[in-house]
There are 2 protein chains.
Amino acid sequence: MERAIPDIVVGRLPHYLRALQHMSLEGRRLTSSQELSERLGISAAQIRKDLSLFGEFGKQGTGYQIDYLLNQLRQILKVNQIWDIALVGAGDMGSAIARYQGFTDRGFRVVMIFDNDPSVIGSQIGPFTIQSTDELVVAIQSADVRIAMLAVPAANAQEVADMLVQAGIKSILNYAPISLNVPDDVHVQYIDPVIHLQRMTYYLE
Amino acid sequence: MERAIPDIVVGRLPHYLRALQHMSLEGRRLTSSQELSERLGISAAQIRKDLSLFGEFGKQGTGYQIDYLLNQLRQILKVNQIWDIALVGAGDMGSAIARYQGFTDRGFRVVMIFDNDPSVIGSQIGPFTIQSTDELVVAIQSADVRIAMLAVPAANAQEVADMLVQAGIKSILNYAPISLNVPDDVHVQYIDPVIHLQRMTYYLE
DNA sequence: TAGATTGTTAATCGATTAACAATC
DNA sequence: TAGATTGTTAATCGATTAACAATC
């Protein structure tokens with residue numbers, strides 16, 4: 001069996017992709033591990049080593065063709081397609097996520113929104129009608145959605161996560177400030193601003 | 001000189017703190033590295049080792065007193081106080097952050113909001129009047145704020161970051177999907193949902 | 001050609017884990 | 001006491017870096 005790619009390497013690839021996408025938008029054609037290193041604060045050797053796990057994408061003396069490497073990375077990360085996302089929670093955070101314009105050109109789009117508050121169910125956020133959480137499992141199953149974003153209060157997050165798992169969701173981006181219990185084949189990533197803030201206050205006097 | 005605490009350890013402490021805070025709210029009194037391990041998906045040995053870098057907080061045979069460890073961790077992370085935060089960007093994301101109720105009991109509060117859009121400057125978000133970005137440097141300096149959250153479009157993020165640095169900000173939580181260049185003594189943490197999503201699509205078939 | 005930069009190896013560095021004496 | 005769990009050591013494991021031959 002092929003050696004698996006370390007998860008820590010997979011975690012850096014989206015950063016490479018993002019930097020390359022910026023460079024491409026700036027009209028740049030070529031870059032180097034050196035330049036990426038400066039932009040990202042990751043050593044040039046590490047960038048070359050990470051990329052070499054997937055193939056030989058550069059040319060000695062020249063560097064990397066930005067658009068070529070961009071497409072390779074998109075394929076590796078499987079974002080050379082648009083993934084549908086189910087969003088649960090239509091409060092302040094959920095609404096902001098629903099309106100966010102930055103998903104589409106990076107491989108994602110929100111396609112359904114759920115909430116359990118009767119006073120918002122049926123109302124619109126942009127092009128979406130907020131659906132009841134009661135419909136969640138069936139709606140996600142029939143649309144064959146694999147990715148969900150969770151923006152509900154911490155107290156409801158585990159319960160909703162269980163429903164998402166039942167619906168066949170395999171990736172959850174969790175905005176609720178709580179650790180989720182899910183089966184091994186379901187991936188969870190966390191966004192909790194306070195975790196980041198507390199990590200920085202350690203270094204403040 | 002004392003050996004510095006590895007940054008990766010500092011990064012785990014807020015997770016311990018969050019789990020303990022939940023347990024405390026549940027009315028629990030005692031916990032163990034074993035229990036924390038299960039809740040967090042971090043090995044018990046690692047949790048004990050991390051904590052031991054700061055002192056001896058547990059008792060053999062018994063475990064850790066939740067409230068005691070909670071307070072120790074709050075001291076270590078310096079969140080046994082409330083830190084003021086300047087928020088820049090009053091769009092969808094900025095507004096959602098401004099309204100977020102989850103900061104206060106974890107050591108933070110937003111105290112000022114800036115935007116560069118004349119059509120929103122002067123209007124209110126909750127108790128705050130949105131100020132012009134022109135006032136940012138002076139306002140932050142005179143209030144002696146050290147932490148900022150950045151929720152502006154990527155195109156303006158570096159420019160705003162420069163102003164924040166000029167104003168004396170030492171910690172930036174950046175929601176804009178772009179790497180920032182700041183001096184060595186300024187810490188930056190990033191929140192970009194797409195980075196997390198792309199990391200998970202790698203594992204989807 | 002001379003200069004630049006990759007891909008890769010081997011060495012280094014650092015983080016994690018296993019194991020257990022100490023002790024509550 | 002017997003059982004449980006810490007704090008810590010030493011061993012293991014894995015990630016990062018330095019260095020350079022290959023080559024564009």
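Every chain is numbered from 1 and lettered A, B, ... according to where its sequence line falls, protein lines coming before strand lines. Given the structure is predicted, the values throughout are model-derived calculations rather than measurements.
- For Val9(A) and Arg48(A), each mapped to the nucleotide of DNA chain D holding its nearest heavy atom, the one lying further toward the 5' end belongs to Val9(A).
- When only modelled atom types and interatomic distance are considered, Gln46(A) and Asp50(A) share no side-chain donor-acceptor pair under 3.5 Å.
- The span of DNA chain C lying next to chain B, judged by atoms under 4.0 Å from heavy atoms, is bounded 5' to 3' by dA15(C) to dC24(C).
- Toward the 5' end of DNA chain C, the nearer of the two residues Lys49(A) and Gly63(A), judged by each one's closest nucleotide, is Gly63(A).
- In this structure the side chain of Val152(A) never reaches within 4.5 angstrom of the side chain of Asn116(A), judged on heavy atoms.
- With values rounded to the nearest 0.5 angstrom, Leu164(B) atom CG is found 8.5 Å from Phe114(B) atom CZ.
- Nearer the 5' end of DNA chain C, as judged by each residue's closest nucleotide, is the contact made by Asp50(A), out of Asp50(A) and Gly61(B).
- A side-chain N or O of Gln158(B) and one of Asp162(B) form a donor-acceptor pair less than 3.5 Å apart.
- In this structure, the side chains of Met112(A) and Ile140(A) come closer than 4.5 Å at one or more pairs of heavy atoms.
- Relative to the axis of its first five pairs, the axis of the last five pairs of the helix from dG3(C)-dC24(D) to dC24(C)-dG3(D) sits at 20°, rounded to 10 degrees.
- Side-chain contact check for Ile125(A) versus Arg99(A): some heavy-atom pair is nearer than 4.5 Å.
- Between Tyr202(A) and Phe54(B), the angle of the ring planes goes over 60°, which puts this pair in the perpendicular group of the 30/60° scheme.
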Worksheet entry | Test salt bridge (charged side-chain N to carboxylate O under 4.0 Å, His left out) applied to Arg146(B) and Glu205(A), step by step | CA-CA 10 Å; Arg146(B) 323 278 285 287; Glu205(A) 342 78 61; 3.5 Å; yes
